[in-house]
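Okay, structure first, notes after.
On a predicted model such as this, the values are computed, not experimentally measured, just so you know.
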Amino acid sequence: MSNTESSVSEQHKIRLEKLQQLREMEANPYPHSFDVSHNSQYILDHPELIKEDEQELEEVERVSVAGRIMTRRIMGKSTFFNLQDSKGEIQVYIRRDDVGKENYNKVFKKLTDIGDIVGIKGYVFKTGTGETTVYAEEFKLLSKTLRPIPIPKEVETEDGETKTYDAFTDKEQRYRQRYLDLVVNPEVRDVFQQRTSMVQAMRNFMNDKGYMEVETPILQPIYGGASAEPFVTHHNALDMKLYLRIANELYLKRLIVGGYDGVYEFSKDFRNEGLSRFHNPEFTQVELYVAYKDYNWMMDFVEKMVEHVAKALHGSTTVQVGDQEIDFKRPWPRIPMFEAIEEETGKDLYGKDLSELKEAAEELNIELEDSFGKGKIIDEIFGEYVEPNLIQPTFITDYPIEMSPLAKKHREKEGLVERFECICNGKEIANAFSELNDPVDQRERFEEQARLRADGDEEAMTLDEDFLQALEYGMPPTAGLGIGIDRLAMIMTDSESIRDVLFFPQMKPEK
RNA sequence: GAGUCGGUAGCUCAGCUGGCAGAGCAACGCCCUUUUAAGGCGUGGGUCGUGGGUUCGAUCCCCACCCGACUCACCA
């Protein structure tokens, strides 16, 4: 929307005029700073700040608060309004005779609007109805808003419930103008606070173990580490094609070759695929690689870390997600993939060849494409019959080798690799292997991927010669892990859509 | 990509069978010094998502398109 005369709303025009008037009376509508001494939450939590009736004014501690005017009740020469800061809301009482006639009548009453950001200095008292309130001795406009903010009204009903009127609910508007969503919907601020707490809990957990947080390239000449369609870009000076990473696995493993015992990275990854309530083109994963460990050790680690996260966020191992209660208390069940499939479908697919798998898939009404190999067919059956039923956190272990070109062969079971996924609420939240460190085997796996690509599988991995070279210099036995941060955040915050845990989800432009 | 539903004032929403565009809050003017959806009296505010069509006349009916939500299919 442009600010041309014809397109601004009536209310916008009125505020532009108010801004002009403020400038003419030399009341700066955008001053440079304001000393804030207290926040709303602190004041409400500290009743000793409240002025007692018998107390002299000089003895009372002064507070200065700042924030946005949310509601206003003007009663002539005095006014109550609610001020919202980063921690919550507090009521302010302001009187003409305390803050000055011009300041009150003109600047505050005439030229200040709901939504404007103001600073207040004064003391804390309790009103006749018992509400802790800041009594304003000084009032200062800190930022004049030009657009009306869609502030909802709240009222407490007789049975003590809070009823909200005119809530800002339009999802499209909320996603496009997240800043307004955050101003107006406190539960949205909570969700993002929890997301940040979750990441911090994980970071602390890994730091406590002595693992090192690192940064690896986002722009990669060869994309790898996952099966996905990449975004492509171009470097002008080098005149070369570059890809936005779809994963950072191969770089972190190079660092394990380099001698670190444990490295991890919270990484934005990019996949050029469809959008849905579980998929955003850019999303966050944490990947962790630990030397001298295997996937059994990693299962223990994941259980401990996620249990720790649940406790850090909710003070308990249980989390309410929709109408399900999910309990992250360890240990979690560990079920080999083929056993899980047999349990749900009655079919034992272990050791079956391609034509037998195709037959089984048809009996199970799975639609197949010609390019599907053994791994893909098994994955389809698993995704259809098993995954959606796994609500409580569960490790599915020992995947077919065809699905996992970077995982080490199983030490006992032919045709399988030492890989697990953690499924929770019907979705994968973690994926891990005993990492393949045999450079000869790894080269063969890449070559197999090349054959799959030639047969039409566009997501098959590309051979990364430099990575192979790194393995040829020797990588210790290593356990590797990836956890989908957005997915885990959805579970931990009981959010139905990935858009609700991303500040700025991908949207089409409005026009 | 397919299906369903939606887009009307700053916000939340009505709008009948096609006949001058409505409400509450917000805004504007006046009154009001312990209110809390404060209150009282009064006033203004609209590209009805966009573009066509039918019609004397379209927010309403028809066609196309844009944007979104949800469901389904592929990827985490």
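The separation between Gln177(A) atom CD and G10(B) atom P is 12 Å, rounded to whole Å. Ile90(A) has its CD1 atom 15 Å from the C1' atom of U35(B), to the nearest Å. For the pair Met70(A) CE and C11(B) C1', the interatomic distance rounds to 13 Å; values are reported in whole Å. At whole-Å resolution of the value, CZ in Phe81(A) and C1' in A26(B) are 18 Å apart. Atom P of nucleotide A26(B) and atom CG of Asp116(A) are separated by 15 Å, given to the nearest angstrom.
Taking the side-chain hydrogen bond (donor to acceptor under 3.5 Å, both in side chains) definition, one finds that Thr112(A) meets it with nothing, sequence neighbours left out. A search for salt bridge (Lys or Arg N to Asp or Glu O under 4.0 Å) contacts involving Asp464(A) returns Arg254(A), not counting sequence neighbours. For Lys253(A), the salt bridge (Lys or Arg N to Asp or Glu O under 4.0 Å) criterion is met by Glu249(A), Glu435(A), not counting sequence neighbours.
Neither OP1 nor OP2 of U35(B) sits under 4.0 Å from any side-chain N or O of Arg73(A).
With Ile90(A) as the fixed residue, the side-chain contact (heavy atoms from CB on, under 4.5 Å) test singles out one of Val124(A), Ile43(A), Asn39(A): Ile43(A).
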Please tabulate the protein-to-nucleotide N/O contacts below 3.5 Å involving nucleotides 21-23 of chain B, giving atom names and distances.
none

At a cut-off of 3.5 Å, list every protein nitrogen or oxygen paired with a nitrogen or oxygen from nucleotides 68-71 of chain B, distance to 0.1 Å.
residue : atom : partner   : partner atom : Å
G68(B)  : OP1  : Lys508(A) : N            : 2.9
G68(B)  : O4'  : Glu172(A) : OE1          : 3.1
A69(B)  : OP1  : Arg499(A) : NE           : 3.4
A69(B)  : OP1  : Arg499(A) : NH1          : 3.3
U71(B)  : OP1  : Arg277(A) : NE           : 3.4
U71(B)  : OP2  : Arg277(A) : NE           : 3.1

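Residues Val263(A) and Val290(A) are not in side-chain contact: their nearest non-hydrogen atoms beyond the backbone lie 4.5 Å or more apart.
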Nucleotide by nucleotide, 5' to 3', does protein get under 4.0 Å of the base (B), only the sugar-phosphate (S), or neither (-) in nucleotides 27-34 of chain B, counting heavy atoms? SS-S-BBB
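As judged by a 4.0 angstrom heavy-atom cut-off over every strand, Thr79(A) is placed among residues making no nucleic acid contact.
Ring geometry for Phe125(A) versus Tyr93(A): interplanar angle of 30 to 60°, hence tilted. Ring orientation note: the planes of Phe467(A) and Phe446(A) are nearly perpendicular, at an angle over 60° on the 30°/60° scale.
Pairing partner, U4(B): A69(B), with both Watson-Crick or wobble hydrogen-bond distances short of 3.5 Å.
Separation of the P atoms belonging to G22(B) and G46(B) is 13 Å when rounded to the nearest angstrom. Going from the P atom of A69(B) to that of G44(B) covers 39 Å, rounded to whole Å.
With rounding to the nearest 0.5 angstrom, the CG atom of Leu146(A) is 14.0 Å from the NZ atom of Lys13(A).
In this structure, Arg203(A) pairs ionically with Glu213(A), as a charged nitrogen and a carboxylate oxygen lie closer than 4.0 Å.
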After noting the C-alpha distance and the side-chain angles of Phe301(A) and Phe205(A), does the key distance pass the ring pair (Phe, Tyr, Trp, His ring centres under 6.0 Å) rule? CA-CA 10 Å; Phe301(A) 181 88; Phe205(A) 191 86; 5.4 Å; yes
